[in-house]
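What follows is a set of notes on a single structure, which appears directly below.
Computed from a prediction, not measured in an experiment: that's the story for all the values here. Below, read A as the first sequence line, B as the second, and so on, with proteins coming before strands; counting in each chain starts at 1.
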Amino acid sequence: MSEEKSLNFIEEIVEEDLKNGKYPFIITRFPPEPNGYLHLGHASSICLNFGLTLKYGGYTNLRFDDTNPVTEETEYVESIKEDVKWLGFEWKNELYASDYFPVLYQYAIQLIKKQLAYVDDSTSEEIAALKGTPTEPGKNSSYRERSVEENLHLFERMKNGEFPDGSKTLRAKIDMAHPNMLMRDPVLYRIKHAHHHRTGDEWCIYPMYDFAHGQSDSIEKVTHSLCTLEFVPHRELYDWLIEQLEIFPSKQYEFARRNLTYTITSKRKLLQLVNEKYVDGWDDPRMTTISGMRRRGYTPESIRDFCDRIGVAKRENLVDMSLLEYCVREHLNKIALRRMAVLDPLKLTITNYPAGQVEEVYSENNPEAENGGGTRAIPFSGSLWIEREDFMEVPAKKWFRLAPGAMVRLKSAYIIKCEDFIKDENGIVTEIKCSYIPESKSGNDTSGIHVKGTIHWISAAHAAQAEVRLYDRLFKVENPADEGDFTSYINTDSLHIISNAYIEPSLKTATAGEKFQFIRKGYFTLDKNSTNNKPVFNRTVTLRDTWAKESKK
RNA sequence: UGGCCUAUAGUAUAAUGGUAGUACGACAGAUUUUGGUUCUGUUUGUCUUGGUUCGAAUCCAGGUAGGCCAACCA
């Protein structure tokens, strides 16, 4: 069991830093901006950051990067905390970049005094115009050479609320001809007379990401500050600010964000789906948000396993959804209780079963568990519901379910033979008539008959009703974020509601979030929309279906 | 006419100058009272051209392809 798993490039850096004594232990942080719900991409980052300190010793902070009051809300803070906890991780400290506003303000004053920052009266258009382009150098702002005293004075007045939004900024004084656009006198502070979710109206100037993130890392003595690839060009500025401020040298390392086929992992786009009502809220089970996946029936274990399997690297990627499905099936197969549910009912009558007779049959709760996870009693009678798709009037090749004259076993009960079937005037089959073999009862079958097919069923008189929600992929194309308007790729058929499925009686006492395998149909969980009269089940994922493949040939 | 990042089966990820491996997928078979699970097998790969070396996926150089950078977003 001691096989060595190879290290990803970040683990290699950490091991090296630990080995040569650069740090006695490591500190990481997970730094979400509270402007949306967490999604699968964040899960990857969470597993990385927390996983690292769990593995190597140290701790991880949860730090909200709340420097832009206009997009941030307490609701998001709460959902983020819930999701991180649910995924199974514990942060050392709950922190906010906004806690550092006073320190950050002092840092800015330090820069001004070192003549490394200045107050600029340019409009954002003017700043953009002087910025140059990636291939042409920018030009100095005419406010660039203000004196230290004047800058200090103006910056204080900015803080005091003497200027309207957008009228002034504090900029770092670096190099307008720098090949890295981010080094061309980046804006450090902007004026926003906006209410902040934590500091209220205390501040009307707010630091930009670049003047908050690295400094927050440094204040917390974060050793390894992990972020995604689009921040690579920011690293130079990150290091420059830390160096000029002469503060703890946190180091930034970048990894590639994960993309998943047939979905999007962009907070902005997910917000759009919510706002434009393509889905029913952030926790819609079709969303790859953590809360959506939780509601859909995914387990934290399966998500962590997925993140572990896809690993961490620096190249562009588009991970196959089938891997995620594999992970959740693997876990659910071990833990989900087996139950029977008929989603598309067809009446079946056993003609030689004593009229009015009811008996109990026993079925194991989980064949993967020890002793089958125990058994439960299921009422059986001569009048049943079966799945419509389990009968074929003209059987296909290799078909081994019900067909005229064919035999199948009713799961955990008897072997039956199809004797006849009834159609209505439209040619729709309305009822199957079968005979059963009394000696074939599960557990003490003395019939000597072997059948290939086993189907699930529900006794009509004992059936409970449920709503079942079947989900399909939200997008029709593998990479909806690739080009064009992603909303044009939305699969308009991603939710199929079955309002009157039949479920076995034991399912009536299911509790929210409980995991089930509806035999032969897939994994399901009880939705929060359930009522006492009508449970609602979400399909997490189907079972692998080799027959579906076979029948397409 | 810039800077930076990246390139290994269909997908994701190893191999850290010395036998190109693993997982998912696909395909075939065995087992099965779930066409599930489990088990076995098969399949497919180092972007390109040079160079260094006894030996290169790995080091070097030039190409090519993809990505990121011109918010008072993060």
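- Evaluation of the salt bridge (Lys or Arg N to Asp or Glu O under 4.0 Å) test over residues 363-379 of chain A, restricted to residues two or more places apart or in two chains, returns Arg376(A)-Glu504(A).
- Scanning atom types as modelled, no donor and acceptor separated by under 3.5 angstrom connect the side chain of Glu478(A) and the base of G10(B).
- The residue His234(A) sits close to a base: some heavy atom pair falls under 4.0 Å.
- Base pairing of G2(B): its partner is C69(B), meeting the Watson-Crick or G-U wobble criterion (both donor-acceptor distances under 3.5 Å).
- Every residue two or more places apart in sequence or in another chain that forms a salt bridge (Lys or Arg N to Asp or Glu O under 4.0 Å) with Asp305(A) is listed here: Arg309(A).
- Annotated as syn: A71(B), whose O4'-C1'-N torsion sits within 90° of 0.
- Between U13(B) and Arg258(A), a contact under 4.0 Å exists linking OP1 or OP2 to a side-chain N or O.
- Atom CE in Met340(A) sits roughly 18 Å away from atom P in G36(B) (whole-Å rounding).
- Here the CZ atom belonging to Arg258(A) is positioned 12.0 Å from the CG atom belonging to Leu324(A), to the nearest 0.5 angstrom.
- The pair Asp66(A)-Arg198(A) does not meet the salt-bridge criterion, since no charged nitrogen lies less than 4.0 angstrom from a carboxylate oxygen.
- Residue Gly372(A) is classed as having no contact, given no heavy-atom separation below 4.0 Å to the nucleic acid.
- Separating the CD atom of Glu389(A) from the P atom of G35(B) is a distance of 11 Å, rounded to the nearest angstrom.
- Note that CZ of Arg338(A) and CZ of Phe518(A) are 12.5 Å apart. Values are rounded to the nearest 0.5 Å.
- For the P atoms, the distance from U6(B) to A61(B) is 14 Å, rounded to whole Å.
- With both ends at atom P, the span from C39(B) to A23(B) equals 11 Å, rounded to whole Å.
- G50(B) and A56(B) have their C1' atoms separated by 13 Å, given to the nearest Å.
- In the displayed structure, Lys192(A) atom NZ is contacted under 6.0 Å by more than 12 heavy atoms of other residues, nucleotides or ligands.
- Put simply, the side chain of Arg315(A) and the base of U13(B) share no donor and acceptor less than 3.5 Å apart.
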Enumerate the protein-to-nucleotides 24-27 of chain B contacts in which both atoms are nitrogen or oxygen and the separation is below 3.5 Å.
| unit_1 | atom_1 | unit_2 | atom_2 | d |
| --- | --- | --- | --- | --- |
| C24(B) | OP1 | Tyr326(A) | OH | 3.1 |
| C24(B) | O2' | Ser322(A) | OG | 3.4 |
| A26(B) | OP1 | Lys549(A) | NZ | 2.8 |
| A26(B) | OP2 | Lys549(A) | NZ | 3.3 |

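- Pairing of A61(B), defined by two Watson-Crick or G-U wobble distances under 3.5 Å, is identified with U49(B).
- Using a 3.5 Å distance cut-off with no hydrogens or angles, the side chains of Arg257(A) and Asn317(A) do not pair a donor with an acceptor.
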Polar pairs (N or O, both sides) under 3.5 Å between protein and nucleotides 66-72 of chain B?
| unit_1 | atom_1 | unit_2 | atom_2 | d |
| --- | --- | --- | --- | --- |
| G67(B) | O2' | Glu316(A) | OE2 | 3.3 |
| C72(B) | N3 | Gly166(A) | O | 3.3 |
| C72(B) | N4 | Ser122(A) | O | 2.9 |
| C72(B) | N4 | Ser124(A) | N | 3.3 |
| C72(B) | N4 | Gly166(A) | O | 2.8 |

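- Between Thr454(A) and U32(B) there is no side-chain polar atom (N or O) within less than 4.0 angstrom of OP1 or OP2.
- A70(B) and U64(B): their P atoms are spaced 25 Å apart (whole Å).
- The gap from the C1' atom of A15(B) to that of U46(B) amounts to 11 Å, rounded to the nearest Å.
- In this structure, the side chain to side chain donor-acceptor pair (under 3.5 Å) partners of Arg171(A), at least two apart in sequence or on a different chain, are Asp120(A).
- Residue Thr71(A) places none of its side-chain N or O atoms closer than 4.0 Å to OP1 or OP2 of A74(B).
- To the nearest angstrom, P of U38(B) lies 12 Å from CD of Gln517(A).
- If you find the closest nucleotide of RNA chain B to Glu236(A) and to Leu318(A), the one lying nearer the 5' end belongs to Glu236(A).
- Pro367(A) comes within 4.0 angstrom of a nucleotide base, judged by non-hydrogen atoms across all strands.
- For Asn479(A) and A12(B), the CG to C1' distance is 15 Å, given to the nearest whole Å.
- The side-chain contact (heavy atoms from CB on, under 4.5 Å) check on Met392(A) picks up Ala396(A), Trp399(A), with sequence neighbours excluded.
- Using a 4.0 Å heavy-atom criterion, one finds that Leu543(A) contacts the bases of the nucleic acid, with or without backbone contacts as well.
- Taking the nucleotide of RNA chain B with the nearest heavy atom to each of Asn8(A) and Ala548(A), the more 5' of the two is matched to Asn8(A).
- Tyr105(A) and Phe155(A) have parallel rings, their planes meeting at less than 30° on a 0 to 90° scale where 60° marks the start of perpendicular.
- Thr135(A) comes within 4.0 angstrom of a nucleotide base, judged by non-hydrogen atoms across all strands.
- Pair assignment for U22(B): A12(B), on the basis of Watson-Crick or G-U wobble contacts that are both within less than 3.5 Å.
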